[in-house]
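Working notes for the structure below.
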Amino acid sequence: MIELTRGQELALETADGRPLTRIRMGLGWDKEPGAGFIGSGQADVDLDATAVQFAGGRLFDIAFYNHLETRDGSVVHLGDNISGRGEGDDEQLSVDLSRVHPPVEAILFLVSSYQGHTLDWVDSAYCRLVDDHDVELARLTLTEGVPRTGLVMAKLFRDGDGWRLRAIGQGVAVTVPTQAIDTLTRFL
């Protein structure tokens, strides 16, 4: 497993150099102690994992809590967690790279706060990438609070016959993923 830092890249391939065909992005977080309405600790923090596909620099398709699967079936959102409670990944996106429609050249992974909490309110937030055998390939940890309501975690992009991952880790102002498309194009 590689702990990724902003700008770092990773080829999505097996140990013997064959391109991976299936991956899963897991998002996990906990509420910062004391977070909530005026520090009451009562409100949950609802983060959402989103995958946005781009072709020709324009939106092609999206998978998120309100649209669970891309039209080509290559990206599937595996369920919405509105509290961050529990162990392990709180939300997951499954990606079948072999099924991604050929014009799609990039997929951005976005984390957004549905209720508008800034990411200062979360603790132990991470995005991780695992292969189809549940082996963790890479992890991007949000180690410090981000005073934004969203975070562009990483970008998957085509590299010949395979795919690469680039860690982005950039805060953005977004609550509903479909309203972030114009903002996301700068990360292509």
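Atom CD1 of I62 and atom CD1 of I181 lie 4.5 Å apart (nearest 0.5 Å). Distance check, rounded to the nearest 0.5 Å: SG of C127 to CG of L47 gives 11.5 Å. Rounding to the nearest 0.5 Å gives a distance of 10.0 Å between CG of L140 and CE of M25. Rounded to the nearest 0.5 Å, atoms CG (L20) and CD (E13) are 8.0 Å apart. Once rounded to the nearest 0.5 Å, the distance linking CG of L156 with CG of D159 reads 12.0 Å. To the nearest 0.5 Å, atom CG of residue L68 and atom CG of residue L93 are 10.0 Å apart.
When all heavy atoms of V174 and G150 are compared, the closest pair comes out as CG1-CA, 3.7 Å. Closest heavy-atom contact between L110 and A180: CD2-CB, 4.2 Å.
Applying the side-chain contact (heavy atoms from CB on, under 4.5 Å) test to R186 and every residue at least two apart in sequence or in another chain returns Q170, V172, T183. Evaluation of the side chain to side chain donor-acceptor pair (under 3.5 Å) rule for Q179 yields no partner, not counting sequence neighbours. Residues forming a salt bridge (Lys or Arg N to Asp or Glu O under 4.0 Å) with D182 (at least two apart in sequence, or on another chain): none. R164 is linked by a side chain to side chain donor-acceptor pair (under 3.5 Å) to E9, counting only residues two or more places apart in sequence or in another chain. Qualifying salt bridge (Lys or Arg N to Asp or Glu O under 4.0 Å) partners for R128, counting only residues two or more places apart in sequence or in other chains: D89, E136. Listed by chain and number, the residues in a side-chain contact (heavy atoms from CB on, under 4.5 Å) with D16 are T14, R18 (sequence neighbours excluded). Remark: T5 pairs with Q8 by the side-chain contact (heavy atoms from CB on, under 4.5 Å) rule, at least two apart or across chains. Under the side-chain contact (heavy atoms from CB on, under 4.5 Å) criterion, A154 pairs with F109, L165, sequence neighbours left out.
Counting heavy atoms from C-beta on, the side chains of L12 and I23 come closer than 4.5 Å. A heavy-atom distance below 4.5 Å is found between the side chains of P177 and Y65. A heavy-atom distance below 4.5 Å is not found between the side chains of I107 and V52.
Judged by a 6.0 Å distance limit and a 45° cone about the ring axis, R166 is not positioned over the six-membered ring of F187.
There is a path of hydrophobic side-chain contacts, each under 4.5 Å, that joins L184 to L188.
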query = Can H67 and D61 be said to form a side chain to side chain contact (heavy atoms under 4.5 Å, CB included), step by step?
reply = CA-CA 10 Å; H67 183 74; D61 210 344; 3.7 Å; yes
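Judged as a ring pair (Phe, Tyr, Trp, His ring centres under 6.0 Å), not a single pair has a partner in residues 159-185 (not counting sequence neighbours). Among residue pairs with one or both ends in residues 49-60, those qualifying as side-chain hydrogen bond (donor to acceptor under 3.5 Å, both in side chains) are Q53-S74; sequence neighbours excluded.
One N or O on the side chain of R6 and one on the backbone of G169 form a donor-acceptor pair closer than 3.5 Å. The main-chain N or O of I168 is never found under 3.5 Å from a side-chain atom of K155 such that the two would form a donor-acceptor pair.
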Tabulate below the donor-acceptor pairs under 3.5 Å that side-chain atoms of residues 94-106 make, not counting sequence neighbours, or state none.
{"from": "D96", "atom 1": "OD1", "to": "S98", "atom 2": "N", "distance (Å)": "3.2"}
{"from": "D96", "atom 1": "OD1", "to": "S98", "atom 2": "OG", "distance (Å)": "2.5"}
{"from": "D96", "atom 1": "OD2", "to": "R22", "atom 2": "NH2", "distance (Å)": "3.2"}
{"from": "R99", "atom 1": "NH2", "to": "D72", "atom 2": "O", "distance (Å)": "3.1"}
{"from": "E105", "atom 1": "OE1", "to": "G56", "atom 2": "N", "distance (Å)": "2.9"}
{"from": "E105", "atom 1": "OE2", "to": "G56", "atom 2": "N", "distance (Å)": "3.0"}
{"from": "E105", "atom 1": "OE2", "to": "G57", "atom 2": "N", "distance (Å)": "3.1"}

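In the model, H77 has no side-chain atom that pairs as donor or acceptor with a side-chain atom of E69 under 3.5 Å.
Crowding of D161 atom CG: a count of heavy atoms from other residues, nucleotides or ligands under 6.0 Å not exceeding 12.
Salt-bridge annotation for D132 and R24: absent, with no side-chain N of the basic residue lying under 4.0 Å from a carboxylate O of the acidic one.
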